[in-house]
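Step one of this worksheet: look at the structure below.
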Amino acid sequence: MMYSSRRKPVLYFKEDRRYLSGKCTVYKLFGLCMVLVLVSLLWLQLSCSGDMSVTHGERCMPQQPAPPCPASGQASVVDNPSWGPHKLAIVVPFRERFEELLVFVPFIHAFLNKNKIRHKILIINQVDHYRFNRASLINVGYTESGNDTDYLAMHDVDLLPLNDALDYGFPEKGPFHVASPELHPLYHYKTYVGGILLLTKKHYYMCNGMSNRFWGWGREDDEFYRRLRKAELQLFRPSGITTGYKTFLHVHDPAWRKRDQKRVAAQKQEQFKVDPEGGLTNLRYEVESRQELTISGAPCTVINTKLECDQNQTPWCLLG
């Protein structure tokens with residue numbers, strides 16, 4: 001594969017018995033309450049808040065903040081046309097990963113603002129009863145991204161860029177794999193294009209998007225790599241990044257977040273095949289609702305999506 005120079009193609013309390021001994025007076029109770037209030041305020045100030053407001057009155061997500069905290073000085077910027085003519089759609093395929101979402105949205109918003117990348121964040125939330133389908137959700141993200149964006153990032157919710165030198169700019173020459181194998185903390189094979197991949201909308205359309213046949217975890221990225229080759233698109237990757245496998249923070253806990261790796265019926269054989277017809281052309285879905293959220297000052301749009309499945313073609317979209 002050909003590569004360019006800039007984008008290489010490829011607290012606790014100690015018990016005071018003297019204070020607590022004797023009669024329980026109003027003064028002692030008042031003093032104890034004041035101490036508890038002060039400690040609570042101190043704890044809130046030292047913690048990274050996971051505060052989130054819901055614009056449309058929908059169900060709130062659980063508030064379970066986790067590190068790292070976003071750069072607070074950048075969270076207020078939404079869109080600045082002076083940063084350039086291009087605007088990025090961050091497309092995040094999603095289901096029930098609320099703890100990661102509370103971290104991801106403010107973090108990536110601050111990161112892109114710092115690098116003066118115009119953007120909007122789209123959380124494509126699968127709400128149907130089928131198995132998770134990352135590829136189809138990315139196809140939905142492309143379709144629902146709107147005319148105000150001209151390129152997209154296929155972005156995992158559990159992968160955070162830690163190096164400011166990572167380029168999220170417009171990939172005019174060809175798809176740009178930000179989470180390249182020599183930088184990703186887990187996946188290191190040379191044809192890997194998952195994690196974070198940038199494409200212009202034109203190039204994504206040339207590939208007919210991603211295959212909709214991949215229900216459950218894995219293999220959809222490998223099939224998409226073949227689509228890039230078929231469309232004769234040159235793949236670019238970061239150059240001059242010296243942080244190695246510490247370039248990203250991967251917040252996925254495999255003991256907590258079990259992957260759906262089951263192979264049902266003919267799925268075991270089909271997962272290695274190329275889907276010559278499917279993609280944007282046979283994508284079937286329904287947008288149930290949209291929610292405009294603000295998480296720690298960072299805006300995002302949640303698109304609650306119901307995918308459709310032809311069980312004659314892919315009976316493995318259901319388990320059991």
Side-chain angles (χ1 to χ4, degrees), residues 58 61 88-101 104-105 108 119-146 149 151-159 175 177-179 192-199 201 203-205 207-225 227-228 251-252 257-262 267 270-271 275 278-293 300-311 313-314 316-319:
E58 300 288 344
M61 300 175 187
L88 171 64
I90 299 287
V91 176
V92 183
F94 181 84
R95 175 184 267 176
E96 298 176 349
R97 302 287 293 273
F98 301 115
E99 293 80 7
E100 289 91 335
L101 188 67
F104 175 81
V105 171
I108 197 67
H119 66 278
K120 67 179 180 181
I121 303 171
L122 304 176
I123 311 300
I124 316 302
N125 181 31
Q126 186 175 341
V127 296
D128 53 67
H129 61 285
Y130 296 117
R131 302 171 72 188
F132 186 67
N133 191 322
R134 177 178 179 270
S136 290
L137 294 176
I138 293 174
N139 285 338
V140 172
Y142 164 86
T143 307
E144 298 291 330
S145 58
T149 61
Y151 70 115
L152 66 150
M154 302 155 53
H155 210 303
D156 288 352
V157 74
D158 57 7
L159 198 61
H177 189 209
V178 180
Y192 175 66
V193 291
I196 309 168
L197 181 67
L198 308 181
L199 303 94
K201 287 190 171 180
H203 290 159
Y204 194 79
Y205 182 81
C207 297
N208 192 24
M210 304 184 76
S211 172
N212 300 301
R213 297 178 61 85
F214 292 85
W215 301 89
W217 181 83
R219 298 296 181 184
E220 76 285 340
D221 289 326
D222 298 333
E223 201 272 349
F224 189 68
Y225 174 80
R227 290 175 179 240
L228 294 174
V251 296
H252 181 88
R257 298 292 192 188
K258 300 293 184 181
R259 299 190 190 277
D260 175 11
Q261 302 186 58
K262 294 182 180 180
Q267 185 180 11
E270 292 288 329
Q271 66 180 334
D275 181 4
L280 294 172
T281 51
N282 70 343
L283 175 67
R284 300 291 181 267
Y285 72 97
E286 174 191 350
V287 173
E288 185 180 70
S289 63
R290 294 172 182 262
Q291 295 170 284
E292 299 297 330
L293 306 183
C300 68
T301 301
V302 177
I303 303 177
N304 296 311
T305 304
K306 288 185 175 181
L307 300 176
E308 296 182 11
C309 170
D310 184 346
Q311 296 184 47
Q313 295 292 323
T314 57
W316 51 86
C317 62
L318 289 173
L319 286 175

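Residues Phe224 and Cys207 approach most closely at CE1-CB, 3.9 Å, considering heavy atoms. Asp221 and Gly194 get closest at one heavy-atom pair: OD2-CA, 3.3 Å. Residues Ala153 and Leu198 come closest through the heavy atom pair CB-CD2, 3.3 Å. Heavy-atom minimum distance, Ser136 versus Leu283: O-CD1, 3.9 Å. Smallest separation of non-hydrogen atoms from Ile138 and Tyr204: CG2-OH, 3.4 Å. The two residues Arg213 and Gln313 come nearest to each other via the heavy atoms NH2-O, 3.8 Å.
For the disulfide (SG to SG under 2.5 Å) test, residues two or more places apart in sequence or in another chain that qualify with Cys309 are Cys317. By the side-chain hydrogen bond (donor to acceptor under 3.5 Å, both in side chains) test, Asn125 is found to be paired with Asn304, residues two or more places apart in sequence or in another chain being considered. The ring-ring contact (aromatic ring centres under 6.0 Å, His included) search around Tyr130 returns Trp215, not counting sequence neighbours. Residues satisfying the side-chain contact (heavy atoms from CB on, under 4.5 Å) criterion with Ala135, sequence neighbours excluded, are Asn133, Met210, Glu220. Residues passing the salt bridge (charged side-chain N to carboxylate O under 4.0 Å, His left out) test with Glu288 are Lys306, sequence neighbours excluded. Legend: residues meeting side-chain hydrogen bond (donor to acceptor under 3.5 Å, both in side chains) with Lys201, ordered by chain and number and at least two apart, are Ser145, Thr149. In terms of the side-chain hydrogen bond (donor to acceptor under 3.5 Å, both in side chains) criterion, Glu286 has no residue partners (sequence neighbours excluded). With sequence neighbours excluded, the residues forming a side-chain contact (heavy atoms from CB on, under 4.5 Å) with Glu308 are Arg284, listed by chain and number. Every residue two or more places apart in sequence or in another chain that forms a side-chain contact (heavy atoms from CB on, under 4.5 Å) with Asn282 is listed here: Asn212. Under the side-chain hydrogen bond (donor to acceptor under 3.5 Å, both in side chains) criterion, Ser211 pairs with Asp275, sequence neighbours left out.
Note that CZ of Arg134 and CG of Leu137 are 9.5 Å apart. Values are rounded to the nearest 0.5 Å. With rounding to the nearest 0.5 Å, the separation of OG1 in Thr301 from CD1 in Ile124 is 9.0 Å. Atom CD of Glu99 and atom CZ of Phe104 lie 15.5 Å apart (nearest 0.5 Å). A distance of 6.0 Å separates CG of Leu152 from CG of Leu199, quoted to the nearest 0.5 Å. One distance of note links SG of Cys300 with CG of Leu293; it measures 4.5 Å at 0.5 Å rounding. A distance of 14.0 Å separates NE2 of His203 from OH of Tyr151, quoted to the nearest 0.5 Å.
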Q. Taking it one step at a time, do Arg227 and Glu223 satisfy salt bridge (Lys or Arg N to Asp or Glu O under 4.0 Å)?
A. CA-CA 7 Å; Arg227 290 175 179 240; Glu223 201 272 349; 2.7 Å; yes

Q. Please walk me through it: do Arg97 and Asp158 pass side-chain contact (heavy atoms from CB on, under 4.5 Å)?
A. CA-CA 9 Å; Arg97 302 287 293 273; Asp158 57 7; 3.3 Å; yes

Q: Before giving the answer on side-chain contact (heavy atoms from CB on, under 4.5 Å), spell out for Val302 and Arg290 the whole-Å C-alpha distance, their side-chain angles and the decisive distance to 0.1 Å.
A: CA-CA 6 Å; Val302 177; Arg290 294 172 182 262; over 6 Å; no

Q: For Tyr225 and Tyr192, run side-chain contact (heavy atoms from CB on, under 4.5 Å): C-alpha distance rounded to whole Å, both residues' side-chain angles, the deciding distance at 0.1 Å, then the answer.
A: CA-CA 8 Å; Tyr225 174 80; Tyr192 175 66; over 6 Å; no

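His177 contributes no side-chain N or O that, together with a main-chain N or O of Gly195, makes up a donor-acceptor pair within less than 3.5 Å. The main-chain N or O of Ile303 is found under 3.5 Å from a side-chain atom of Thr305 such that the two form a donor-acceptor pair. Judged by distance alone, the side chain of Arg131 and the main-chain N or O of Trp316 form a donor-acceptor pair under 3.5 Å. Of the possible polar contacts, one joining the Asn208 side chain to the Thr281 backbone as a donor-acceptor pair under 3.5 Å is found.
By the 4.5 Å heavy-atom criterion applied to side chains, Tyr142 and Val91 are not counted as neighbours. Ile90 is listed as a side-chain neighbour of Val92, based on a closest heavy-atom distance under 4.5 Å. For the pair His119/Ile121, a side-chain contact is recorded, criterion being any heavy-atom separation below 4.5 Å from C-beta on.
Side-chain atoms of Glu144 and Tyr285 form a donor-acceptor pair, as typed in the model, at a separation below 3.5 Å.
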